[in-house]
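Numbered from 1 within each chain, the chains take letters A, B, ... in sequence-line order.
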2 protein chains.
Amino acid sequence: MLDSRSQRVLWAVVESYIDSPDPVGSRYVTKKYEFGLSPATIRNIMADLEDLGFLTQPHTSAGRVPTDMGYRFYVENILAPPEENMARMSEQMTNRLLTAGGDVDDILQEATRLISSFSHYLGVASLPRTENSTLHKIEMMNYKDDRIVVMLFTNEGTIKHKIIPNELSLEQRDLGRISSYLSERFTGKNIKEIRSSLVREMKEQKSEFDALIERTLAIFGEGSDNAGDDVLITGFKEVVNLPDFSDIDKIKILSEAIEDKHTIVKLLDKIVDNDGVQVIIGSENRIEGLSNMSMVATTYRESNRPVGVLGIIGPTRMNYQNAIVLVDAAARCLDRMLGGNSS
Amino acid sequence: MLDSRSQRVLWAVVESYIDSPDPVGSRYVTKKYEFGLSPATIRNIMADLEDLGFLTQPHTSAGRVPTDMGYRFYVENILAPPEENMARMSEQMTNRLLTAGGDVDDILQEATRLISSFSHYLGVASLPRTENSTLHKIEMMNYKDDRIVVMLFTNEGTIKHKIIPNELSLEQRDLGRISSYLSERFTGKNIKEIRSSLVREMKEQKSEFDALIERTLAIFGEGSDNAGDDVLITGFKEVVNLPDFSDIDKIKILSEAIEDKHTIVKLLDKIVDNDGVQVIIGSENRIEGLSNMSMVATTYRESNRPVGVLGIIGPTRMNYQNAIVLVDAAARCLDRMLGGNSS
DNA sequence: ATTAGCACTCTAACAGGAGGAGTGCTAATA
DNA sequence: TATTAGCACTCCTCCTGTTAGAGTGCTAAT
C-alpha cells in the first residue's frame with residue numbers, strides 16, 4: 001500500500017513531530033535521518049503523502065504535520081518495537097504499582113497516577129462497575145437507633161455501604177432475617193440481575209419492606225445513573241506543561257472535560273474488550289472538543305473477566321509507543337493483582 | 001484612621017477592580033461613582049492611599065490597583081452589607097444543598113460543587129477528620145475465607161471499612177469477641193486517643209492479635225499521615241475562565257496545587273475555629289505560588305463541635321462579599337444537616 | 001529517477017510611530 | 001485652605017511596515 005521509502009519518510013515525520021511540535025521540513029528530515037536522498041526528493045515524497053492524506057501543511061510554506069490518518073498508519077504499520085529503556089521504565093512502574101495496597105479503588109488510583117507521571121499525559125481508569133459484579137453477601141445492622149447500615153459485599157472484593165433511615169423501626173433480629181434471606185437468594189448472582197429482579201418483584205407484590213428494599217437498591221444502582229463517579233482522571237498538571245496546551249482555550253475545554261467526567265466516560269466506553277491495547281486517534285473519537293486528543297487504553301481483568309478500562313489520554317501528537325507499553329504493563333499488572341486477590 | 005472620603009475612594013477602586021481587572025483611573029471613578037469631586041482631587045486622594053500602602057500602580061501612567069492591604073482594609077472596614085439578590089442567591093444554594101443526600105462525604109462534595117458554581121471560584125472543603133470523631137462501634141467479620149472486613153462506626157455518622165488478610169485464620173466467633181471487646185472498651189472515646197492508647201499497649205504487652213490490631217489501626221489513622229485524601233476541591237473549570245488566569249503559568253501553578261492538594265491542605269489548616277467566616281488575602285497566606293489567591297473560609301460543625309473547614313479560593317481580586325455570604329450560608333446549612341443527623 | 005536551482009509564499013520577529021489613558025505638578029479659584 | 005483646571009510628561013497598546021528565514025513547488029539538468 002505504501003512503498004517502504006514513503007513509510008520511512010512518514011515515520012520520520014511522525015517521530016520528529018512527536019519529539020517537538022514544529023512542522024517538519026524536507027531539509028530537516030534529510031539532516032536528522034540518514035536517507036541518502038536530497039531534500040527535493042523528500043519534498044516529492046512528502047507531497048505524495050499529503051495527497052494520500054497522511055500529512056498536511058499548516059500553511060503554504062511550512063513543513064508537514066501528520067494527520068490523524070497519518071498517525072493511524074504509523075501506529076498500525078510502522079510502530080517500532082519498544083526500546084530497551086522503555087522496557088525498563090515500564091518495569092519500574094510495575095514495581096511501584098505492585099507495592100500499592102488497599103482495595104481496588106486505591107490500586108486503580110495509584111495506577112492512574114503512575115501511568116500519568118511516567119507518560120506525562122493524563123491517566124484515566126474506570127472503576128469496576130458494581131453492576132457487573134456478583135453478590136457475595138448482604139449485611140444489615142442497626143446504627144444509632146434510627147438508622148440502618150446496609151453493606152454489600154461482592155465476590156470481586158469490593159464493599160459498599162450506605163446509611164438509610166430505619167423507618168419501620170426494625171430490630172436487629174428482623175434485619176438479620178431480611179439480610180440472610182436476601183443473601184441466600186442472591187449470592188453468586190450478577191448485581192444487575194438482582195437489581196432488575198428486585199424491581200420486578202416490588203411491582204408484582206407489595207411487601208411491607210418495599211421502602212427498605214427500594215433504598216437498598218440505591219446501593220446496587222449507584223453509579224449507573226449518574227455515570228461519572230466511577231472514573232478516575234489524574235495528571236492535569238502534566239498535561240498543562242505540554243506545548244500542545246499553551247493555548248488557553250484548549251485548557252478550558254480539557255478542564256471542563258475532566259471536571260464533568262461525562263466526556264471521558266464516553267471515551268472510555270468506546271474501549272471494548274478485544275484482548276489488546278486500543279488506540280483512538282484524534283477525531284476518531286467523535287467527541288466534540290476532544291478532536292485533538294488521543295487515547296491509548298485497554299481493559300483490565302479480574303478473574304479473567306474484563307471489569308474496567310485503564311488508559312492514557314494525551315494530544316494526538318503523543319508518544320504512542322511509550323503509551324502503549326505503559327498501559328499494557330499497568331493493565332497486566334492489575335490483572336495479576338486483582339486476579340490473585342479473588343483466587 | 002482613614003477619613004470617610006478616602007474610604008469611599010478606596011471602596012470605589014476595589015469594587016470597580018473586582019468588577020473588571022483593569023487599573024482604575026481617577027476620571028473613571030468620578031464618572032462611575034457620584035463623588036462631586038473632580039478627577040484631580042480623586043488623584044490626590046489616590047496618591048495618599050498609595051502612600052499609605054492601600055493602592056499601587058502597575059506602571060507610571062496607569063490607574064490604581066488595590067494592594068493586599070487595600071483588600072484587607074476593604075474587607076474589614078468598608079464591606080457593604082450583602083445585596084438583596086445576594087441573599088436570594090445564597091438561599092437558592094441552601095435549598096439545593098438541603099436536597100443532597102448520602103453521607104457526610106457526599107454532602108460536602110455537593111457543597112463544594114455548589115459554592116463553586118455560584119461563586120465561579122474554587123470550592124474547597126476538608127472532610128471531618130476521623131481522628132477527631134468518637135467511636136460508636138467496631139465490627140469485624142469474615143470475608144471470603146482468607147480475609148477480614150473491619151468496620152469502624154463513628155458517632156458522627158461516618159463509616160470506614162477495610163479489608164485485611166486473616167493471617168491467624170480467626171473464626172467469626174473470635175472476631176466477634178475481639179470486636180465487642182474493643183467496642184466495649186472504647187465506645188464514646190476519641191479516635192485519636194484510642195489510636196495512641198492501642199499503640200502504647202501493643203508496645204507494653206505482646207498479644208497474639210498484635211498484627212490484627214496493627215492493621216486495624218490503619219483505619220483509625222487513615223488520612224493523618226498522607227494528608228490530602230481528605231480534602232475536596234472543585235471548580236477548576238470556573239477558575240480558568242477568569243481573566244486573572246489568562247496567563248498559562250498561573251494555571252500551571254494552580255493545577256499543581258489542586259492535584260497535589262498539600263498546598264490546599266496547608267491553606268485550610270490556617271482556618272481556626274473562631275465563630276465566623278475568615279478571609280485570607282493574597283500573600284497573607286505565606287504559601288509560595290499562591291500569593292495572588294485569596295481564601296474565604298469557615299469551619300462547619302457537627303453537634304456544635306467544629307469538625308472541618310469549608311471555603312472558597314479565588315484570585316485576590318475576588319468578590320469577597322459574595323464569597324463570604326455563600327460560605328457562611330453553606331456552612332450554616334451544613335451545621336444543620338450534620339447536627340440534625342447526630343441528634 | 002533524482003537533484004540543483006530558483007522564484008515564490010508565508011510566518012515570526014523587530015522597529016517605529018500614533019493614539020490614548022492616566023498621572024503629577026503648578027497655578028488659579030472659591 | 002481645599003479644590004480644580006490646565007498642561008506637560010510617561011508609559012502602554014496597537015498598528016504598520018519591513019526583514020530574515022524557512023520551506024515549498026516547479027523546471028530543467030543530470
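Two rings, from A/F236 and B/F236, have their centers less than 6.0 Å apart.
Judged by Watson-Crick or G-U wobble contacts below 3.5 Å, the nucleotide C/dA1 has D/dT30 as its partner. In a base pair of the Watson-Crick type (N1 to N3 plus N6-O4 or O6-N4) or a G-U wobble (N1-O2 and O6-N3), with each distance short of 3.5 Å, C/dA21 is matched with D/dT10.
Counted by atom type alone, A/T234 and A/T112 present one or more donor-acceptor pairs between their side chains at under 3.5 Å.
A sub-4.0 Å separation between OP1 or OP2 of C/dG20 and a side-chain N or O of B/R27 is absent. Between B/S26 and C/dT23 there is a side-chain N or O to OP1 or OP2 distance below 4.0 Å. Between A/T41 and C/dT3, a side-chain N or O to OP1/OP2 separation shorter than 4.0 Å is present. At D/dT10, none of the side-chain N or O atoms of B/S61 fall inside 4.0 Å of OP1 or OP2 (strictly under the cut-off). Phosphate proximity of C/dT2 to A/S38: absent, as no side-chain N or O sits under 4.0 Å from OP1 or OP2.
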All N/O pairs under 3.5 Å across the protein-nucleotides 25-30 of chain D interface:
{"unit_1": "D/dG25", "atom_1": "OP1", "unit_2": "A/R64", "atom_2": "NH2", "d": "3.0"}
{"unit_1": "D/dG25", "atom_1": "N7", "unit_2": "A/R43", "atom_2": "NE", "d": "3.1"}
{"unit_1": "D/dG25", "atom_1": "O6", "unit_2": "A/R43", "atom_2": "NH2", "d": "3.2"}

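Rounded to an integer number of Å, the gap from CG of B/D48 to C1' of C/dT23 is 14 Å. Whole-Å rounding puts the B/I45 CD1 to D/dA2 C1' distance at 11 Å. The interatomic distance linking A/I42 (CD1) with C/dT3 (P) rounds to 9 Å, in whole Å. In this entry the distance linking CZ of B/R5 with P of D/dT4 reads 8 Å, nearest Å.
Between A/Y33 and A/W11, the two ring planes are perpendicular [angle over 60°; tilted spans 30° to 60°].
Ranked by how close their nearest DNA chain D nucleotide is to the 5' end, B/G36 and B/T60 are led by B/G36. Of the residues near DNA chain D, A/G25 and B/P39, the one whose nearest nucleotide (by heavy atom distance) lies more toward the 5' end is B/P39.
Heavy-atom minimum distance, A/P23 versus A/P58: CG-CG, 3.8 Å.
For the pair B/R317/B/Y17, a side-chain contact is recorded, criterion being any heavy-atom separation below 4.5 Å from C-beta on.
To the nearest 0.5 Å, atoms NZ (B/K270) and CD (B/Q278) are separated by 12.0 Å.
B/Q57 places a side-chain N or O within donor-acceptor distance of the main-chain N or O of B/A62, the cut-off being under 3.5 Å.
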